[in-house]
Structures are given as C-alpha cells and as structure tokens.
Number of protein chains: 2
Amino acid sequence: MEAHSSPRRNASHTRERLLNAAFEEVYHSGFRGSDLNTILAKAGVTKGALYHHFDGKDALGHAIVENVIAKITQDKWLAPLDDVDDPIDALIGILDSTGTSEAEVNGGCPLNNLAQEMSPLDEGFRLRLSEIFTNWIDGVTDALRLGQVNGKVRRDIDPRETATFFVASYEGYISLAKTAQDARVLRSGIRQLRVYLEGLRPPIKTA
Amino acid sequence: MEAHSSPRRNASHTRERLLNAAFEEVYHSGFRGSDLNTILAKAGVTKGALYHHFDGKDALGHAIVENVIAKITQDKWLAPLDDVDDPIDALIGILDSTGTSEAEVNGGCPLNNLAQEMSPLDEGFRLRLSEIFTNWIDGVTDALRLGQVNGKVRRDIDPRETATFFVASYEGYISLAKTAQDARVLRSGIRQLRVYLEGLRPPIKTA
DNA sequence: TATCATACATACTGGTTGGTATGGAAGCAC
DNA sequence: GTGCTTCCATACCAACCAGTATGTATGATA
C-alpha cells in the first residue's frame, strides 16, 4: 500500500492525464481527427510518456474505451439500475439527468461516436465498444425483468427486446440532435421516451 | 437536347463515376479514411478529372450528400410515402424492404455514418446532412398527418414527434446492429418498430 | 551509495495524402 | 481548319503526423 502524493513522476497519474486528454480530444475531433501532439499538449506530457504507457495511437484509443467510456456507462446507467425496485422510475430518472447543454448536444454520445467511426475499421475498437453496448442493454434487461417480478413492469413485454428498443431509440435521438445541433430534438426525445416507459407499467387492475 | 452516347469524353458521365466511386469508398472507410487516389482508381479517372469537376475533397464529399445520399432517402422513404392513403402500411412496407445482408448491416446507414463523423467537424457537411434528416422526418410527418385525416392514424398522437421518434429509433437500431455486426439486432428492431407502428392505428370502434 | 529498471523528454524520420502546375487531346464555333 | 474552351492526364510538391531513436532524470533496491 503506497501513498499517492504528487511527485514529479507518477506513472498512474500520468496515464490518467493522457487518457483524459485523449478522451476529450477524441470526443470532439473523432479518433482519426485527433492529433497525438494536441493530446500530449493538453495532457502536459511528451511523446516519450505516451509511448511508455501505450503501444501507439490505436492502443490509446482502445484504452479510452475500456477505461473512460466504460466507466461513464457504468456510472450513468448500470449503477443506478442495479437491483432497483422500479426500473421505470429509475430509467426516467436517468433520462432526466441527461445533459442538454449545447456542448453535450453537439458532441453527441462518446460511445456511439466512436462506435460509428471505428467499428467498421478496427476490430479492436469494435469488440470493446460492442461489449459496452451489450453490458448496457443487459443492465436494462435485468432491471426490467426484476421489475416484472416486482409487479412494476408489464409481464407481456420481452425484457431484452424492450431494453434494446429503448437504448436504440435513445442513441438515435442523440444522433439526430447532434446533427441538427438542436437541443429541442433531444428534449423531445426524452419526453417521448418517458411516454414509452410509462406505457410499460402494468395496467391498473380494474377489479 | 443532346443525345448522350458514350464518347471517350463525357463530362456528366465522368462526374457520376466519380460520385459513385467516392460514395462507395466513403461508405466503408468514412470520409477522412477515404483516399482520393483509391477513389480515382475505382472511378477509372485521374486527379485532373476530379479537380476539374470538384474544388477538392470536401466539395466532393458535399456533392455525395447532395446527389447520392439525398437520392437514396428520396427513393426509399419520401417517394413511397408521398400522398399515401395509409402511412402505417407504407412505413411497414419500407421497413420490410430494409436490407439485412451482412454488408448492409456492417456498413450501417450512409446518411447517419457521415452525419456522425462529419457534423461536428465541417459545417458544410452538417447543414446538408441535417437538411436530409429534416426532409425525411417531414415526409413521415406529412404522411402521418394525412393518415389522421383519412382515419388511418390515431388523432391523439403528434405527427412530428411521432415521426421523429420513428426515425430516431430506426437509425438507432441500424447503429447498434452495425457495431454488433449482427443482423439479428436489426431484424429485432424492424419487428419492434412494426409493433410500434401498429399501435398508431386508431382503436377499433367498439360500437 | 552504486546499480538498474522505470518513467519520461527531445529530436528526427518516413510515409501518406490532399492539393497544384503543367501539358495536351477532344470537341465546338466560325 | 483555326482558334478557343472544356475536359482530363501526369508529375510533382508540401504539409501533416504517427512512430522511432536516443538520451536523461528519477527512485526503488540491495
């Protein structure tokens, strides 16, 4: 157990700085549009540090997916959905927490951005990104299933198909809003998705 | 009125060859990933021809959007929806016509691919792509509205919000399927979207 | 404190690629 | 058939950028 102060040399700290700077740059220039030197300048380190921690640009990109993007998905979706009583309330809560600032709308979804750009070009990217999508959908699926058990979700819907539909629609709205550069598109999407989710609640027993 | 035979020099023919070759290349390498020389080789012309017809790579990309992608959207969505009696039947028909071959699934949607890659980086791309999305949604919206008049669509739904939801979900599924490289994802999406569309029909008058 | 692996910094290189300069052949005007 | 414009080919250039080679400072270890 070593205490992490901030000596002039701190490997894990440097690695994190690189990852964060690279994520930012990739987020709004794409992976191919990102210049290593720009990333290095933003991270405040030099090329030697980068190639010490990573094998190259591709490896850095893969690490972004595994460390940064996976964590974002985990924090925003999986954690709040874990073992929750009413998944519909939880999902609506997450929807409402979705940022609709100009920067976020114009930037789109980091996960989907990278997936659309790199999936056809690099299997290393695709597999890692695909796994995150799978985990995401799995999380929603499990929550819906538990909700069915708890009587909070209609039993006549298929949890996996419904979860996939929800995720697809959510990502689709973010993509549309990004292209339109219009937050109203995203807010409309959130409203509509809420309506959709409400429709998943069990009908009131008219007995 | 001039007859178009095929002399060794034919400007419009050359331009089309360039556009088609560029579209193919961009479709499966992305715009930035596309090499001009590769496009030229595929088109069977040289750089002189390209720079005679277009100002540069960007202009060629813009022309792809305006000519090729706009036409695809027009043919697949707008034409079949134009002035149709029952938009739900029409939309389901279009859904069923969606290709689910490996190449198409892995390639994704040309419109959305370019939009996600280039919208944040080039306003010329973004505006042109955004316009196509707008036209697409407008077409669905108008069809739904007419369907309401014809009594084929529930009157308690908002045509524009519904059309946007439909397009977003459709694109979202295509994106998911592309990343997963799994046609089943897309086919599941088509099924779910059909269910969604069926739900837009007016309830049966129980009188 | 001598040693050595770790953790960086600096300078350079080579390939890729969009773009340009130049020339020439085809076709229309007259 | 001469001149001019359109259309296209060829050769070359310059910038950008990932990657490398090399050097050096740090700090753990013994």
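Within every chain, numbering begins at 1; the chains are lettered A, B, ... in the order of the sequence lines, protein sequences first and strands thereafter. The analysis underlying the following values was restricted to heavy atoms, covering all of them including side chains, and did not include hydrogens, waters or symmetry mates.
Rounded to whole Å, atom C1' of D:dC7 lies 7 Å from atom NE2 of B:H53. A straight line from CG of B:L50 to P of C:dT17 spans 15 Å, rounded to a whole angstrom. If you take CG of A:L40 and C1' of C:dA9, they are 11 Å apart, rounded to a whole angstrom. In this structure, CD1 of A:I39 is placed 14 Å from C1' of D:dG19, rounded to the nearest angstrom.
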Would you list the atom pairs, donor with acceptor, under 3.5 Å between side chains in residues 139-148 of chain B and any protein atom, with sequence neighbours excluded?
{"from": "B:T141", "atom 1": "OG1", "to": "B:I137", "atom 2": "O", "distance (Å)": "2.7"}
{"from": "B:Q148", "atom 1": "NE2", "to": "B:R154", "atom 2": "O", "distance (Å)": "2.9"}
{"from": "B:Q148", "atom 1": "NE2", "to": "B:I157", "atom 2": "O", "distance (Å)": "3.0"}

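Checking the phosphate oxygens (OP1, OP2) of D:dA9, no side-chain nitrogen or oxygen of B:H52 falls inside 4.0 Å. The phosphate of D:dC8 (OP1 or OP2) has a side-chain N or O of B:T14 nearer than 4.0 angstrom.
Looking at B:D86 and B:R201, a side-chain N of the basic residue comes within less than 4.0 Å of a carboxylate O on the acidic one, giving a salt bridge. Look at B:R126 and B:E123 and you find a salt bridge, because one of the NZ, NE, NH1 or NH2 atoms lies within 4.0 Å of a carboxylate O, short of that distance.
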What nitrogen or oxygen pairs link the protein and nucleotides 11-18 of chain D at under 3.5 Å?
{"from": "D:dA18", "atom 1": "OP1", "to": "A:S34", "atom 2": "O", "distance (Å)": "3.1"}
{"from": "D:dA18", "atom 1": "OP1", "to": "A:K57", "atom 2": "NZ", "distance (Å)": "3.3"}
{"from": "D:dA18", "atom 1": "OP2", "to": "A:D35", "atom 2": "OD1", "distance (Å)": "3.0"}
{"from": "D:dA18", "atom 1": "OP2", "to": "A:L36", "atom 2": "N", "distance (Å)": "3.0"}

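Side-chain contact check for B:T73 and B:N135: no donor-acceptor pair (N or O, by modelled atom type) lies under 3.5 Å.
Remark: side-chain polar atoms of A:K57 are paired, donor with acceptor, to backbone N or O of A:F31 under 3.5 angstrom. Looking at A:S97, its side chain does come within 3.5 Å of a backbone N or O of A:I94 through a donor-acceptor pair. No side-chain donor-acceptor contact under 3.5 Å links A:D122 to the backbone of A:M118.
Atom CD of A:E66 has more than 12 neighbouring heavy atoms from other residues, nucleotides or ligands inside a 6.0 Å radius.
Near-neighbour residues of DNA chain C inside residues 15-29 of chain A, defined by a heavy atom below 4.0 Å, are absent.
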